[in-house]
Amino acid sequence: MRARPVILHLDLDAFFTAVEQLHKPSLRGKPVVVGGVGGRGVVSTASYEARVFGVRSAMPTAEARRRCPHAAYLAPRFEAYRDASHVVMDLAREVTPLLEQVSIDEAYLDLTPTLADGGVGTADAVDAVTAVAEGLRARIVAATGLTASVGAATSKLLAKIHSDLAKPDGLVVVPPGEEAATLAPMPVRAVPGVGPATAARLSAHGVTTVGRLAALELDEAVALLGTAHGTQLHAFAHGVDDREVVTERAAKSVSAETTFPSDVTDRVRLGSVLRDLAGRVGDRLRADGLSGRTIVLKARRHDFSTLTRSTTLDQPTDEDAVVVRHAERLLGGLDVSDGLRLLGVGVSGLSLYVQPDLLDGLLDDAPPPVRESDDDDDFVRPDAGGSTAADRGPVPVVAEPVPPAAPSWRPGQDVEHAEHGAGWVQGSGVGRVTVRFEGPNTPVGRVRTFATDDPDLVPAAPPVWHPDDG
DNA sequence: TCTGGGGTCCTAGGACCC
DNA sequence: TCTGGGGTCCTAGGACCC
C-alpha cells in the first residue's frame, strides 16, 4: 500500500522586502514597500511593519503612500531576489529532489518517499515531519537571513493553506485524518482558486465557509461555478486533493507588457513600444530555445477593459521581425482613438525548436538514440490531429531509411556541436532528444531539441520541430 | 483607492473535417 | 428536401495566482 502523502508548502515571508531589509540594514524594523513606484504602480510586497498601516499586495502604490507616507518605497530588483531564491531552493532540494517551485518564493516538497521508513500515519510521523521542516527553516535562516513559513499536510491544498496560517516564520503540521474538519470553519476565500468573483457568486447563494461549500451537492457546485471549477472546489471543500508534486513544467507562453504613465493614442509611439516588447519576447524565446506559433497582442483601454487579438502561423517562430509584423497588423485592427493604458505582446503555442540545417548536421555526426522509456507515448507529429496516442493509432512507419541500431544518446551524455558548443543530453524520447548546451557560442542553459531516428518507430513527417508536449 | 507584469487554466462559439 | 454528430483548432475573454 502506498504511504499516505506528506507534502510541505514552503513560502518565504514578505520575500521582496525581506531581501531589501537584509541588503540595507537601515531598512530593518521599518515599513518597506516594494512595487511600482510610478503613478500607476501597485504594491508587490509590503513588509510586516508596513502592513500594520493597512498596506497590502496589489494595492495601488498611491493608496499605500497615503496610508503609510513614511515607508521606504522601492522598485523591485529581481536579480537580487532570484539569487536569494536559488539559495533557498537548493537547500530545499537537499531535503528532497521531489520539489515543485511554483514561484520565486514558493515551493512544494513531497516527503513521502523520504519519510516512508518513519511510519507515516503514526503519532511519531508528526514529530518526524516537524523535525524535517524545522531543520529546513533553520538552515534557510542561517544561510540567507530570510524566514520561511511551512505548512505540512497530506495534500498540496492543506499544506498551502497552512503555510499561510503559519506566517510569519512559523510551521503548522496538519495531522492526517483531520483535513475536512480543519477546513470547515474557514472562509471560502482561504481556498486557492477562490478569488473575488467566485467568492461573490458563492456568497450570493449563502455559501461563505468551506463547510457550507462542502455541504452543496456536486451538481449544485457545478451549476454555480462550471464543470472544471465546480468539481475541483467541491473536492477541495471535502479536503480531497490528489494533485501530485511536479518537478518540471514546460513553459506555455512568453509575453511582455507595459503600462503607460498616461494613456497613449499616438500610433507611432505605440509602434515603437510594440517593437521593444517584441524584442524582449524574442530574446527570451531564443534564450530558452523556444519558438511559438501564436502571436498575441494585448491592449488595455482607458476604462481598464482588456482586448486581446491573436493570430496563428503555420510554422513556429522565435524571430523579432515576424512577431513584430503580425503584432503590428493586429494593432492596426484596433481603435486606439480613446487611448491605451497598456500594450502587450506574447507568443504561445510553444515548442522546442531546431533549425533544419542543425538537424541535418547533428544527425550526420551522432548516432541515433534508442527509445529510453515507455512512458513517452504522447509523441505528436506536426500535422497530426487528435490529442492522445489512442486517438490517432500507431504512428506510421516508413520502410526506409531505417538506420541500424546504434549506441544511444543517454541522459547525461556529453554532445558536441560546432555551432552550439558542448552540451549534454537532458532527456530523450520517441522522435526527439533534448540537449542542453553551454558553450562559447551558446548562452548558458540553451535547450535544443533534435529529431531522432528510432529503429522501431520512425515518424512519416519530417519532425523539424516538435509540438509542445508538456 | 483606481487598479503591474508575468503567467496558468477554463469556457464558449464558429470553422472545418469526416 | 432538410438535416447528423463528433472531434479538433482557433479566437476572445475572464478568473485566478504570485
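Sequence lines set the chain letters: A, B, ... in the order given, protein chains first and strands last, and positions in each chain run from 1.
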Less than 4.0 angstrom between a side-chain N/O of [X] and OP1 or OP2 of [N], yes or no?
{"X": "A:R341", "N": "B:dC2", "result": "no"}
{"X": "A:R309", "N": "C:dG13", "result": "yes"}
{"X": "A:T198", "N": "C:dC16", "result": "yes"}
{"X": "A:S255", "N": "B:dG5", "result": "no"}
{"X": "A:R56", "N": "C:dC18", "result": "no"}
{"X": "A:S57", "N": "C:dC18", "result": "no"}
{"X": "A:R65", "N": "B:dT1", "result": "no"}
{"X": "A:R280", "N": "B:dG5", "result": "no"}
{"X": "A:T308", "N": "C:dG13", "result": "yes"}

Side chain of [X] only, please: which of [options] is the nearest?
{"X": "A:T312", "options": "C:dG13, C:dT11, C:dC16", "value": "C:dT11"}
{"X": "A:T259", "options": "B:dG6, B:dG4, B:dT11", "value": "B:dG4"}
{"X": "A:T227", "options": "B:dG6, C:dC18, B:dT11", "value": "B:dT11"}
{"X": "A:R66", "options": "B:dT8, B:dT1, B:dC10", "value": "B:dT1"}
{"X": "A:E257", "options": "B:dC2, B:dG6, C:dC18", "value": "B:dG6"}
{"X": "A:L342", "options": "B:dT1, B:dG5, C:dC16", "value": "B:dG5"}
{"X": "A:R293", "options": "B:dT11, C:dC10, C:dT11", "value": "C:dC10"}
{"X": "A:S44", "options": "B:dG4, C:dT11, B:dC10", "value": "B:dG4"}

Between [atom2] of [N] and [atom1] of [X], the distance in whole Å:
{"X": "A:M59", "N": "B:dG5", "atom1": "CE", "atom2": "P", "result": "19 Å"}
{"X": "A:K298", "N": "B:dT8", "atom1": "NZ", "atom2": "P", "result": "13 Å"}
{"X": "A:F78", "N": "B:dG5", "atom1": "CZ", "atom2": "P", "result": "10 Å"}
{"X": "A:D283", "N": "B:dG6", "atom1": "CG", "atom2": "C1'", "result": "16 Å"}
{"X": "A:I161", "N": "C:dC17", "atom1": "CD1", "atom2": "C1'", "result": "14 Å"}
{"X": "A:L224", "N": "C:dA15", "atom1": "CG", "atom2": "P", "result": "14 Å"}
{"X": "A:E106", "N": "C:dC16", "atom1": "CD", "atom2": "P", "result": "17 Å"}
{"X": "A:H302", "N": "B:dC2", "atom1": "NE2", "atom2": "C1'", "result": "14 Å"}

Could you state the interatomic distance from CD1 (A:I295) to CG (A:L330), rounded to the nearest 0.5 Å?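 These two atoms lie 8.5 Å from each other.
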
Just wondering, do A:F304 and B:dC2 stack (centres under 5.5 Å, planes under 30°)?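 Taking the rule of under 5.5 Å and under 30°, the ring of A:F304 does not stack on B:dC2.
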
Go ahead and name the base partner of B:dT11; Watson-Crick or wobble counts if both distances stay under 3.5 Å, otherwise write none.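 Base-paired to C:dA12.
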
Any-strand Watson-Crick or G-U partner of B:dC18, both distances under 3.5 Å: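 Paired with B:dC18, as far as the under-3.5 Å criterion goes, is C:dG5.
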
Counting neighbours of CZ on A:R28 that are heavy atoms of other residues, nucleotides or ligands and sit closer than 6.0 Å, is the number greater than 12?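 Yes.
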
Classify the nucleic acid contact of [X] as base, sugar-phosphate or nothing, counting any heavy atom under 4.0 Å across all strands shown.
{"X": "A:V43", "answer": "nothing"}
{"X": "A:V194", "answer": "sugar-phosphate"}
{"X": "A:G193", "answer": "sugar-phosphate"}
{"X": "A:A197", "answer": "sugar-phosphate"}
{"X": "A:T61", "answer": "nothing"}
{"X": "A:A64", "answer": "nothing"}

Does a donor on one side chain sit under 3.5 Å from an acceptor on the other, for [X] and [Y]?
{"X": "A:T312", "Y": "A:R293", "value": "no"}
{"X": "A:E244", "Y": "A:Y108", "value": "no"}
{"X": "A:S149", "Y": "A:S163", "value": "no"}
{"X": "A:E179", "Y": "A:T154", "value": "yes"}

Whole-Å C1' distance, B:dT3 and C:dA15: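 So the two C1' atoms sit 16 Å from each other.
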
Measuring only the C1' atom in each nucleotide, how far is C:dG4 from B:dC16? A whole number of Å is fine.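 The answer is 15 Å between these two C1' atoms.
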
Kindly indicate whether the side chain of A:V323, heavy atoms from C-beta on, has any atom under 4.5 Å from the side chain of A:D318.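 Side-chain contact under 4.5 Å: no.
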
Decide yes or no on side-chain hydrogen bond (donor to acceptor under 3.5 Å, both in side chains) for A:R212 and A:H205, but give the supporting numbers first. CA-CA 10 Å; A:R212 295 292 298 274; A:H205 286 75; over 6 Å; no

On DNA chain B, nearest-nucleotide positions of A:A228 versus A:G39: which is more 5'?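 Result: A:G39.
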
